[in-house]
Amino acid sequence: MRTNLFKLSAAAGVLALTLSACGSDDGGDGGGDGGALAGEGTGDDCVIEGEVPVGAALSLTGAAASYGESQQNGLELATKHLNEKEGVTYALTVEDDQTDPKQAISVFEGFAGDDTSIIIGPTLSNTAFQAQPIAQEESVPVLAISNTAEGITEQGDWIFRDSLTEGQVIPQTVAAAVETYGLENVIVMYSNDDAFTESGYDVMASSLEEEGITVADTLTFSKADTDFRALLTEAKNADPDAIFVSGLIEAAIPLVTQARELGIDVPIVGGNGFNNPQLMADAGDAAEGVVVGAAWNSASDNPENADFLEAYEAEFGSGPDQFAAQAYAAMTIIDHAVREGCDGGREGIQAGLGNITDLPTVLGSITINENRDAEHEAVVQVIENGAFAVLD
């Protein structure tokens, strides 16, 4: 299928070149690489004739569906807001990667084979590792919005992300938990069949070592597991000061619930997979006291975030989570990249993304560094009264 798509893409490329050549005398033609997407002016004065096509591969079904739904909300709300501004219009297409790398590859092939100017996603890191090479090979910029594993942007110079890595967030989380709770002896648990959670575990283990914390035992599980009672009983018998877990939200909910049912009342410190309001909704009181680092907190009082919170609540009837915020920020970043050179084509956006410096977003002030990773301040949270609060 991929070969056929590449053939189609090549044929489309020849046609695009032909059209471009014909159009060079009359102002150019459309397409993801320029033409009608090359406008006039810059910044707020930029005017682009054609719609800038943006594709998003999100996990709308499968194990990561709860993240994907939030991301879709954030992208659609941001696109709506950007399209109310004069000069540039975005055409957003969201496709379901089904939390399946094979499906994500198919979605990426589809976007790469048409005029899509930039691809957002996919939702999970292990899916991104499989799908992103398609975009790199076809020279389509990618903006990852929730991939936190190490190595994501190392796949090539067309790959960017606005999500903080586990390496940026977890060390701050571990240090804050150790100081707040006086930790000395802990248990570590993680799912060892997922790139995101394995990467999180690696950072968690090294951070605990740097803090001089004794790890009494390291217990592993599958991301599809739902019964953790045997592992938690083993953990309880070690009498730890806390349990550190790198897992997806689908594991976090039963794990936290069953831990409290077994009488484990020590702090549970999670990786980024725990950063989801579904944990409080489904685990209820059992989620109280869970600690998790984050790239965003609703308590942030920057004006962009205040406007976002109000608009999201009005649009969807509930508050956003970090995944919605990162998705919303992605469109802000893309819009800035497009308007900088007033170019909605692939090369124009790639160049613009490389120049993002101190850009105000709902996540705070973002800079894309020389490794195409986002840099901004993280926050350590604790669940109190059914909501995320900043851990003091």
Side-chain angles (χ1 to χ4, degrees), residues 1-2 4-5 8-9 32 51-80 90-138 140-149 152 155 159-163 191 193-197 223-224 248-251 253 272-273 275-278 282 312 315-316 318 320-331 334:
M1 180 179 178
R2 184 179 171 190
N4 291 335
L5 282 171
L8 288 171
S9 178
E51 291 185 329
V52 179
V54 177
L58 307 177
S59 298
L60 302 178
T61 57
S66 63
Y67 307 125
E69 180 182 1
S70 292
Q71 292 174 324
Q72 183 175 21
N73 289 347
L75 290 178
E76 290 179 348
L77 183 61
T79 302
K80 175 184 175 182
Y90 297 93
L92 174 67
T93 301
V94 178
E95 298 284 351
D96 183 9
D97 70 26
Q98 300 175 9
T99 322
D100 179 356
K102 292 181 180 179
Q103 177 61 21
I105 289 172
S106 177
V107 172
F108 265 59
E109 287 176 332
F111 286 142
D114 61 24
D115 281 342
T116 298
S117 290
I118 181 170
I119 303 173
I120 295 173
T123 298
L124 295 185
S125 293
N126 59 330
T127 305
F129 281 123
Q130 300 297 316
Q132 286 179 170
I134 303 296
Q136 178 65 30
E137 186 176 340
E138 294 297 296
V140 186
V142 172
L143 183 56
I145 55 176
S146 55
N147 305 144
T148 58
I152 289 292
Q155 291 196 304
I159 313 300
F160 299 79
R161 65 175 154 190
D162 76 354
S163 46
S191 60
D193 54 357
D194 177 78
F196 159 66
T197 54
K223 64 181 178 182
L248 298 174
I249 187 64
E250 286 73 17
I253 293 167
N272 198 40
N275 189 25
N276 189 320
Q278 193 177 341
D282 291 359
Y312 193 98
E315 186 78 13
F316 303 108
S318 62
D321 60 14
Q322 174 185 297
F323 296 90
Q326 289 174 320
Y328 191 95
M331 288 302 300
I334 291 170

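Everything numeric here is computed off the predicted structure, so don't read it as measured data.
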Could you tell me if the side chain of [Y] sits less than 4.5 Å from the side chain of [X], heavy atoms only?
| X | Y | answer |
| --- | --- | --- |
| Ser66 | Glu250 | yes |
| Val54 | Ser117 | no |
| Ile152 | Phe129 | yes |
| Ile334 | Ile118 | yes |
| Ile105 | Thr127 | no |

Do you see a donor-acceptor pair shorter than 3.5 Å between the side chains of [X] and [Y]?
| X | Y | result |
| --- | --- | --- |
| Ser59 | Gln98 | no |
| Gln132 | Gln155 | yes |
| Thr148 | Ser163 | no |

Legend entry - Distance-minimising heavy-atom pair for Asp97 and Gln103: O-CB, 3.3 Å

For the backbone of [Y] and the side chain of [X], can you confirm whether one donor and one acceptor N or O come within less than 3.5 Å of each other?
| X | Y | result |
| --- | --- | --- |
| Asp96 | Leu60 | yes |
| Thr116 | Ala112 | no |
| Asp193 | Lys223 | yes |
| Asn126 | Pro101 | no |
| Thr99 | Ala64 | yes |
| Glu315 | Leu77 | no |

Legend entry - side chain to side chain contact (heavy atoms under 4.5 Å, CB included) partner of Gln326, chosen from Leu75, Asp321, Asp162: Asp162

Legend entry - Residue pairs involving residues 55-79 (criterion ring pair (Phe, Tyr, Trp, His ring centres under 6.0 Å); sequence neighbours excluded): Tyr67-Phe323

